[in-house]
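Start at 1 with the first residue, then count along the sequence.
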Amino acid sequence: MKDKKKLTTASGKPYFENEDSMTVGARGPILLQDYHLHEKLAHFNRERIPERVVHAKGTGAFGTFKVTNDIAKYTKAKLFSKVGNSCKVLVRFSTVGGEKGSADTERDPRGYAVKFYTEEGNWDLVGNNTPVFFIKDPKKFPDFVHTQKRDPKTNLKSPTMMWDYWSLNPESLHQVVILFSDRGTPDGYRKMNGYGSHTFSMINIENERVWVKFHFKTQQGNKTLTDAEAEILKGKDPDYAQRDFVEAIAKGDFPKWKLKIQVMTEDQAKTFKWNPFDVTKVWSHSEYPLIDAGIMELNEIPSNYFADVEQAAFAPAHTIDGIGLSHDKMLQGRILAYPDAHRHRLGANYEQIPVNRPINEVHTHQRDGYMSVEGNGGDNPNYFPNSFDNIEADKNYKEPAMKLDSNIADTYDRNENDDDYYTQPGDLFRKVMTDKERKNTVSNIVGAMSGIMGAKRDKIIHRQLSHFYKADKELALSITQGLNFNFKK
Ligand code: NDP
């Protein structure tokens, strides 16, 4: 038939047989010279790349981001230079603690990573569905994440490890209260908000900097699962969130989020009640109102999951001109850690993989390394400066200097005069949650803390209750009652 394609080996040789190996006689043995057999088995053995240490289970889609409001007074980013500008995006949603095959409805933050393919490079906003995080210093990250993974002996998830850590690290409290509220089990990925979480900066055409937080507000309405519903779905449909997401897009029901920003001037930052670069805190909406920036619609499931989702490499280090970093310590740690993880999983040339490739031309003097698949710079010079390639380092792209409030380089100060771990989680519980949400939050915490076991059980519970008490007395007393905990023991 005319349009039939010929089977080939990976090196392109048309091959006549794809099921039976070459043998001596019909019953074997198999001959070593059946290269096609080796190729099939050898490639199969190498199908898996390291799974992400965190955020292993995920799903993704392409879509469009469109600017709906003029924020050019804050940023000179070309993308935001005109209302109506748009660009292609890739979004990857994920759970955090579970492995690649784990259940989607676990109580866990959800990863919310966006890659904006702009004409001035890729801008990655790599956040979560929560505005804060468990820790504010990256040095704590491996310890914290170990408590969310499996016990080194039993290889089981361990509430004892989790609560032991949280009770010893009170800065986690805000994120813990959010995690155990209804929002800790979102109903799929479409009906949840996303947050850049960190403080970033925007730089305008006058080279003036403001501090910025990013919020993606779901246009599908916030919808959550109860603990009981989430529990049932873990068994019934471990891929619940992925299924909901791909099926909605397949039938043309494209999910949308509004992108909004909060803006803080450098002067306001000096007098802010807390450290504005502390990722365990939010900026109140009433003091720093949300400003519309754009709308994002997701409308295309990649035709190959491995190519475009498993190999997608998001990094907070990927910013564009007009959008910058801040001295948020967690952000600074992630600037290092994410590209490092990608180099480990995908190799030094991970940005040459089509899904990670910027749409504009890239001019570097980096060469070689595994899988250099873009021509490797051809015969252009591999050094800088040189007399040949006309590549200039354009000083117009220099950001204004970052003003710091200290020049002492050996402060390992845990508290940094900013150890109020309690006001914001207390406000969330008292002022934002409804009665029903408060009740659910208490019951979710009681359920989880009931799993604390072993000789240190009472000590851990006591310590954690004292943190809840400092945030909100009713919260602590309700949990104490729910656990039937006796302080005198
Ligand atoms: P607001 O009343 O102005 O806003 C409350 C925010 O909380 C809304 O963005 C709402 O999202 C979100 N929210 C509601 N329930 C939960 C929950 N269970 N977990 C996480 N977020 C939730 O309050 P303030 O700005 O004064 O902040 C009060 C508290 O609200 C904070 O301490 C913080 O815990 C929480 N919060 C604040 C955010 C901020 O950036 N200021 C962002 C998210 C949470 P939505 O409007 O989409 O329903």
Side-chain angles (χ1 to χ4, degrees), residues 67 70-82 85 87 115-126 196 198-214 261 263-270 276-277 293 313-329 331-336 338-340 342-343 348-352 356-369 374-407 409:
V67 177
D70 184 3
I71 57 165
K73 67 176 172 187
Y74 302 119
T75 176
K76 61 180 164 174
K78 262 202 181 147
L79 175 63
F80 291 106
S81 63
K82 209 164 77 242
N85 279 359
C87 72
K115 190 183 286 294
F116 298 78
Y117 298 92
T118 85
E119 55 185 283
E120 289 203 310
N122 288 348
W123 169 36
D124 292 356
L125 204 46
V126 199
H198 301 288
T199 298
F200 292 88
S201 52
M202 279 189 169
I203 295 141
N204 67 13
I205 200 83
E206 313 292 339
N207 230 16
E208 296 158 336
R209 174 186 282 115
V210 289
W211 304 116
V212 175
K213 294 253 193 204
F214 293 98
I261 58 170
V263 174
M264 185 185 280
T265 64
E266 289 184 315
D267 281 343
Q268 285 173 318
K270 284 185 206 143
F277 308 106
F314 301 87
H318 299 160
T319 57
I320 49 173
D321 189 41
I323 297 176
L325 305 168
S326 79
H327 29 290
D328 176 333
K329 291 180 203 174
L331 174 59
Q332 300 230 319
R334 295 177 76 209
I335 294 166
L336 172 96
Y338 279 62
D340 182 51
H342 303 323
R343 289 177 193 118
N349 291 308
Y350 72 92
E351 281 163 308
Q352 293 183 18
N356 299 322
R357 211 183 280 160
I359 56 169
N360 54 324
E361 279 185 31
V362 171
H363 300 135
T364 77
H365 297 88
Q366 291 143 22
R367 297 289 188 273
D368 308 350
E374 289 254 87
N376 200 34
D379 59 0
N380 293 315
N382 58 1
Y383 61 93
F384 181 90
N386 66 66
S387 318
F388 305 102
D389 66 11
N390 249 343
I391 295 175
E392 59 163 348
D394 185 345
K395 298 284 181 289
N396 287 318
Y397 289 99
K398 185 179 181 303
E399 291 186 4
M402 223 180 248
K403 291 172 208 138
L404 304 177
D405 51 14
S406 169
N407 58 4

I'd like to check [X] versus [Y] (side-chain heavy atoms, cut-off strictly below 4.5 Å). Are they in contact?
X	Y	answer
Phe80	Tyr74	no
Arg334	Asp328	no
His365	Asn386	yes
Met402	Arg209	yes

Donor-acceptor side-chain pairing of Asp389 and His363 below 3.5 angstrom
no
What distance do [X] atom [atom1] and [Y] atom [atom2] have between them, rounded to the nearest 0.5 Å?
X	Y	atom1	atom2	value
Glu119	Leu79	CD	CG	8.5 Å
Ile359	Tyr117	CD1	OH	10.0 Å
Ile391	Phe384	CD1	CZ	8.0 Å
Asn396	Lys76	CG	NZ	7.5 Å
Asn356	His318	CG	NE2	8.0 Å
Lys73	Met202	NZ	CE	12.0 Å

Would you find a donor on one side and an acceptor on the other, under 3.5 Å apart, between the side chain of [X] and the backbone of [Y]?
X	Y	value
Lys115	Ala313	yes
Arg367	Tyr383	no
Asn349	Asp368	yes
Gln366	Asn376	no
Thr199	Pro276	yes
Ser201	Leu325	yes
Asp124	Val126	no
Gln352	Glu374	yes

Can you name the closest pair of heavy atoms from [X] and [Y] and give their distance?
X	Y	result
Val362	Pro358	CG2-CG, 3.6 Å
Gly324	Phe200	O-CB, 3.4 Å
Ile320	Gly121	CG2-O, 3.5 Å
Glu399	Asn207	C-ND2, 4.4 Å
Gln332	Ser326	NE2-O, 3.2 Å
Pro400	Ile203	CD-CG2, 3.7 Å

Working note: Lys78 + Asp321, criterion side-chain contact (heavy atoms from CB on, under 4.5 Å); need CA distance, chi angles, decisive distance, verdict.
CA-CA 8 Å; Lys78 262 202 181 147; Asp321 189 41; over 6 Å; no
Cationic N near anionic O, under 4.0 Å, Arg343 to Asp340
no
Does a sphere of radius 6.0 Å around CG in Asn390 hold more than 12 heavy atoms from other residues, nucleotides or ligands, not counting ones at 6.0 Å or beyond?
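Incorrect, the count does not exceed 12.
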